[in-house]
A.B. asks: 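Here's a structure for you.
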2 protein chains.
Amino acid sequence: MLKISKKADYALMALQHIAAAQFGDMMPGRVVNTKEIAEEYNIPLELLAKVLQTLAKNALIESHNGPKGGYVLARRAHQITIAQILESIEGPLGITDCSHEKDGEFCMQREHCNIRTPLLKVQDSIAQLLNNMTLQDMMGGTPLITIQSPTAQGVER
Amino acid sequence: MLKISKKADYALMALQHIAAAQFGDMMPGRVVNTKEIAEEYNIPLELLAKVLQTLAKNALIESHNGPKGGYVLARRAHQITIAQILESIEGPLGITDCSHEKDGEFCMQREHCNIRTPLLKVQDSIAQLLNNMTLQDMMGGTPLITIQSPTAQGVER
DNA sequence: TGTTAGTCCGACCTTATTGATCGGAGATCA
DNA sequence: TGATCTCCGATCAATAAGGTCGGACTAACA
């Protein structure tokens, strides 16, 4: 349950790899092409290409055409959150259908729905978690993840 | 992204309803049948029936056959966690495919996989969240949800 | 300046999962 | 014994996910 899609998996791997090619926080760094990533991680080339296109469209990476072309991070690794990556690929976070209902559209169960409020709170907590973790945190062996409580102070792990 | 299934939604609604019929923490309380729940929340009867069967099989509720039969909570509301409910319906928590790999089976990307460790930590955090929230917490208007950091102290919200 | 390696982009197909339905067997109580 | 309920398995349709294909466009380099 609560699985993320393979495409999202691929996106994370690819971004981590592209970020690693930009060693030392230097921007811009080495340009990485689709083939290199696909072979490194055994990802179907065409599928990965589509994932990278999507990421580029969402301004997480920049594409460079032509020979010696490829992808580079559009921002620094610590400015890209996991939430941004996942939402680029899978759309907005929403553990339940009625998460994004505009005024006027209701789910069939709405009138007597007893679980909407608590579920939205769970969702908020997950959103916080993903928003507070960046690509930088996923790099290297360095420890990561802070759980941020709404009343502040993150807890180093 | 990270959506839970409709079946899981139905399970949560149904359990909340059954729990509500056991007012005052008295065990056992009023027996609730499938039809009553289905009509109350506009859930397809047959589908709900299957969901309830699954919950019964996982010992979250008890079924009583025959006329005036129906379902009752198998334990008290504060002893049933959201994680247990969701896992009954959707299987074990696993945001990524390789979450439950036994020794010997690896995903294609395993050898160079750079995201496994961080993702597992995210997963742990979500698991904690769902394990610390019970059916009881979903009842009534009472505030709920604690985010528990691994280094202890829950933070009341 | 033309060729070529590479990205870009959209349409398409295939398969797995989810949501939903149906029919009958077994249990219980009036 | 009959009516009412749960139980259980098989089945089907709709949707989303995973993966593929072909053509257009761009930029480096000979």
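So that the names make sense, note that chain A is the first sequence line, chain B the second, and so on, each numbered from 1. These numbers were taken from a predicted model, which means no experiment stands behind them.
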A.B. asks: Going by side chain to side chain donor-acceptor pair (under 3.5 Å), name the residues that satisfy it together with B:Glu40, two or more places apart in sequence or in a different chain.
C.D. replies: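 Partners of B:Glu40 by the side chain to side chain donor-acceptor pair (under 3.5 Å) criterion come out as none, since no residue qualifies.
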A.B. asks: According to side-chain contact (heavy atoms from CB on, under 4.5 Å), who are the partners of B:Lys3, at least two apart in sequence or on a separate chain?
C.D. replies: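 B:Lys3 satisfies side-chain contact (heavy atoms from CB on, under 4.5 Å) with A:Asp97 only.
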A.B. asks: In whole angstrom, what separates A:Lys35's NZ from C:dG6's C1'?
C.D. replies: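 Rounding to the nearest Å, NZ of A:Lys35 and C1' of C:dG6 are 10 Å apart.
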A.B. asks: Could you list the residues that satisfy side chain to side chain donor-acceptor pair (under 3.5 Å) with B:Thr96, not counting sequence neighbours?
C.D. replies: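 With sequence neighbours excluded, B:Thr96 shows a side chain to side chain donor-acceptor pair (under 3.5 Å) to A:Asp9, given in chain and number order.
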A.B. asks: Nearest-Å distance, CG (A:Asp9) to P (D:dA17)?
C.D. replies: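 Distance, rounded to whole Å: 13 Å.
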A.B. asks: How far apart are the C-alpha atoms of B:Tyr10 and B:Ile89, what are their side-chain angles, what is the distance that settles it, and do they pass the side-chain contact (heavy atoms from CB on, under 4.5 Å) test?
C.D. replies: CA-CA 10 Å; B:Tyr10 297 157; B:Ile89 304 295; over 6 Å; no
A.B. asks: Measure the distance from CD1 on B:Ile61 to P on D:dT6 and round it to the nearest whole Å.
C.D. replies: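 In whole Å, D:dT6 P and B:Ile61 CD1 are 10 Å from each other.
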A.B. asks: Given atom CG of A:Leu48 and atom C1' of D:dT20, what is their separation to the nearest angstrom?
C.D. replies: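 The distance from CG of A:Leu48 to C1' of D:dT20 comes to 14 Å, rounded to the nearest Å.
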A.B. asks: So, using side chain to side chain donor-acceptor pair (under 3.5 Å) as the criterion, who are the partners of A:Gln79 when residues are at least two apart?
C.D. replies: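 For A:Gln79 there are no side chain to side chain donor-acceptor pair (under 3.5 Å) partners, ignoring immediate neighbours.
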A.B. asks: Could you check how far CG of A:Asn33 sits from P of D:dA27, rounded to whole Å?
C.D. replies: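 Taking CG of A:Asn33 and P of D:dA27, I get 17 Å after rounding.
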A.B. asks: side-chain contact (heavy atoms from CB on, under 4.5 Å) with B:Asn131: which residues, sequence neighbours excluded?
C.D. replies: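 side-chain contact (heavy atoms from CB on, under 4.5 Å) check on B:Asn131 returns B:Thr81, B:Ala83, B:Ala127.
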A.B. asks: CD1 of A:Ile89 versus P of D:dA17: gap in Å, rounded?
C.D. replies: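 Going from A:Ile89 (CD1) to D:dA17 (P), I get 12 Å.
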A.B. asks: Nearest heavy-atom pair of B:Pro118 and A:Met133: which atoms, and what distance?
C.D. replies: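 That would be CB-CE, 3.5 Å.
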A.B. asks: What is the distance from CG of A:Leu45 to P of D:dG18, rounded to the nearest Å?
C.D. replies: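 Roughly 17 Å, once rounded to whole Å.
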A.B. asks: Would you list the atom pairs, donor with acceptor, under 3.5 Å between side chains in residues 46-62 of chain A and any protein atom, with sequence neighbours excluded?
C.D. replies:
{"unit_1": "A:Thr54", "atom_1": "OG1", "unit_2": "A:Lys50", "atom_2": "O", "d": "2.9"}

A.B. asks: State which residues pass side-chain contact (heavy atoms from CB on, under 4.5 Å) with A:Gln123; sequence neighbours excluded, sorted by chain then number.
C.D. replies: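 Per chain and number, A:Gln123 pairs via side-chain contact (heavy atoms from CB on, under 4.5 Å) with A:Leu93, A:Ile95, A:Ser99, A:Leu120.
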A.B. asks: Side-chain N or O of A:Thr34 less than 4.0 angstrom from OP1 or OP2 on C:dT7?
C.D. replies: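 A:Thr34 to C:dT7 OP1/OP2: side-chain N or O found under 4.0 Å.
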A.B. asks: Would you kindly give the CD-to-C1' distance between B:Glu46 and D:dA13, to the nearest whole Å?
C.D. replies: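 Going from B:Glu46 (CD) to D:dA13 (C1'), I get 16 Å.
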A.B. asks: Nucleotides 14-20 of chain C: which of its N/O atoms have a protein N/O under 3.5 Å away?
C.D. replies:
{"unit_1": "C:dG19", "atom_1": "OP1", "unit_2": "B:Lys6", "atom_2": "N", "d": "2.5"}
{"unit_1": "C:dA20", "atom_1": "OP2", "unit_2": "B:Tyr10", "atom_2": "OH", "d": "3.2"}
{"unit_1": "C:dA20", "atom_1": "N6", "unit_2": "B:Lys50", "atom_2": "NZ", "d": "3.1"}

A.B. asks: Got a list of protein N/O to nucleotides 27-30 of chain C N/O distances below 3.5 Å?
C.D. replies:
{"unit_1": "C:dA27", "atom_1": "O4'", "unit_2": "B:Asn65", "atom_2": "ND2", "d": "3.3"}

